[in-house]
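Scroll down for the structure; my scribbles are underneath it.
Whatever order the structure lists ligands and atoms in, that order sets their numbers, starting from 1. The figures here come from the full heavy-atom set of this structure, side chains too, leaving out hydrogens, waters and symmetry mates.
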Amino acid sequence: MARILDGKVIAAAVKQDLAMEIAQLREKEVQPKLVVVLVGDDAASASYVRSKERMARELGLEAEVIKLSADVSESELMRQIELQNADDSVDAVLVQLPLPEHIDTDWVLMGVDPTKDVDGFHPQNIGRYAIGSPLVWPCTTAGILEILERANAPVAGQTAVVVGRSRIVGWPTAQLLLAHNATVVQCHRQTRNLAEFTRQADILVVAAGQAGLIRADDVKAGAVVIDVGINRVDGHLVGDVDFDSVVQKAGAITPVPGGVGPLTVAMLMKNTVRLARIRRLTKEDER
Ligand SMILES: Nc1nc(=O)c2c([nH]1)NC[C@@H]1CN(c3ccc(C(=O)N[C@@H](CCC(=O)O)C(=O)O)cc3)C=[N+]21
Ligand SMILES: [Mg+2]
């Protein structure tokens, strides 16, 4: 039986450390502030944004949600982002994805001030993945590392297989594991014989958005399995990994819900604090 890596417990530990750091910042008169821009009324997005607001409040971080209608023009959305860029009280700006079809996501993400880019999605931060040191790693990717570290799972020298290459999860996660000296294989929709790769993984990260994609046969005995999938099946939330069979074979596994998800929100808070610290307490030439 695999060890279950409980995201709520790990997130609570992250929050405890963060609360101390936020108290210390307050002594230096730094009050970190996050702004979330939410376009449209997608139910899942609204629910994620609510959990972000809730955690910010618990930690004493300032958080503001700017709600824009689904038919907002690209230029009006951009104007809202530029207002946040220019507001010195704002440390971190997150544009909740996905955006409506008529909006060019790449263009919008490029509009966020790279020093306030709490998601790490601006091309300047993406470029810095290549040297292993973005200002922040994307929240889910950072959460995966936090889980591995707090589980004392080694990364350097391990074979890590990432299934999925999205901008939000798969691609940055592969870059982070590489920066931590894993041997990384990135699989995706067109990978032939997926199981041949996943079976070699000491660390298997699955972010494909397909329920039941990975089963016990696809996993090496003792592997650390990180399930990033969020799929609704018959009204239930399930990951991309067939938990009931894989839990018998893996060495450690994250459940869905209660695995990576809670860490994603906690790391958004951690990234916000980090950006506040960098922007307010370090000199320009030390960044
Ligand atoms: N700019 C941007 N940055 C993001 O980081 C971002 C985004 N857009 N758009 C959507 C995805 C998805 N995401 C999640 C956040 C929390 C949970 C989470 O808390 N999940 C809970 C359950 C949630 C539920 O019950 O629906 C869990 O897994 O236990 C999941 C997914 C952040 N994302
Ligand atoms: Mg502030």
Side-chain angles (χ1 to χ4, degrees), residues 4-12 14-15 34-56 58 63 65-68 77 80-81 84 92-100 103 105-114 116-122 125-126 134 136-147 164 166-173 176 205-209 211 226-241 243 253-272 275:
I4 313 262
L5 303 172
D6 186 330
K8 287 193 182 143
V9 170
I10 302 169
V14 171
K15 279 158 71 181
L34 165 70
V35 171
V36 175
V37 180
L38 174 61
V39 180
D41 36 35
D42 179 70
S45 289
S47 137
Y48 296 145
V49 169
R50 273 195 303 275
S51 50
K52 291 165 184 178
E53 278 184 289
R54 193 182 322 121
M55 197 178 290
E58 278 168 29
V65 179
I66 297 179
K67 292 188 177 135
L68 303 172
L77 171 57
Q80 291 290 341
I81 291 169
Q84 306 312 315
V93 179
L94 178 145
V95 181
Q96 185 69 24
L97 301 179
L99 290 169
I103 289 172
T105 300
D106 289 319
W107 179 244
V108 168
L109 294 179
M110 267 191 258
V112 176
D113 179 335
K116 299 186 178 186
D117 171 32
V118 72
D119 266 325
F121 294 163
H122 188 284
N125 272 316
I126 295 175
V136 295
W137 288 98
C139 304
T140 303
T141 292
I144 291 169
L145 183 67
E146 197 78 36
I147 291 172
S166 69
R167 170 217 307 275
I168 295 190
V169 186
W171 198 77
T173 300
L176 173 132
V205 178
V206 192
I226 308 284
D227 188 353
V228 192
I230 320 173
N231 309 290
R232 275 172 215 281
V233 175
D234 303 329
H236 295 281
L237 209 59
V238 298
D240 293 346
V241 174
F243 185 87
I253 185 170
T254 60
V256 177
V260 173
L263 262 301
T264 299
V265 184
M267 298 318 282
L268 173 61
M269 305 301 137
K270 192 165 172 173
N271 282 357
T272 298
L275 290 185

Inter-residue atom distance [X].[atom1] - [Y].[atom2], 0.5 Å rounding:
{"X": "E146", "Y": "T264", "atom1": "CD", "atom2": "OG1", "answer": "11.5 Å"}
{"X": "K52", "Y": "L34", "atom1": "NZ", "atom2": "CG", "answer": "8.5 Å"}
{"X": "Q96", "Y": "K67", "atom1": "CD", "atom2": "NZ", "answer": "12.0 Å"}

State, with a plain yes or no, whether a side-chain heavy atom of [X] is found less than 4.5 Å away from one of [Y].
{"X": "V265", "Y": "S51", "value": "yes"}
{"X": "T105", "Y": "L97", "value": "yes"}
{"X": "L263", "Y": "I147", "value": "yes"}

Check each N or O atom of ligand 1 against all protein N or O atoms and list the pairs under 3.5 Å, with atom names and distances to 0.1 Å, one per line.
| residue | atom | partner | partner atom | Å |
| --- | --- | --- | --- | --- |
| ligand 1 | 1 (N) | V95 | O | 2.8 |
| ligand 1 | 1 (N) | D119 | OD2 | 2.6 |
| ligand 1 | 3 (N) | D119 | OD1 | 3.1 |
| ligand 1 | 3 (N) | D119 | OD2 | 3.3 |
| ligand 1 | 8 (N) | L97 | N | 3.1 |
| ligand 1 | 9 (N) | Q96 | NE2 | 3.0 |
| ligand 1 | 9 (N) | L97 | O | 2.8 |
| ligand 1 | 26 (O) | R232 | NH2 | 3.1 |
| ligand 1 | 29 (O) | G258 | N | 2.6 |

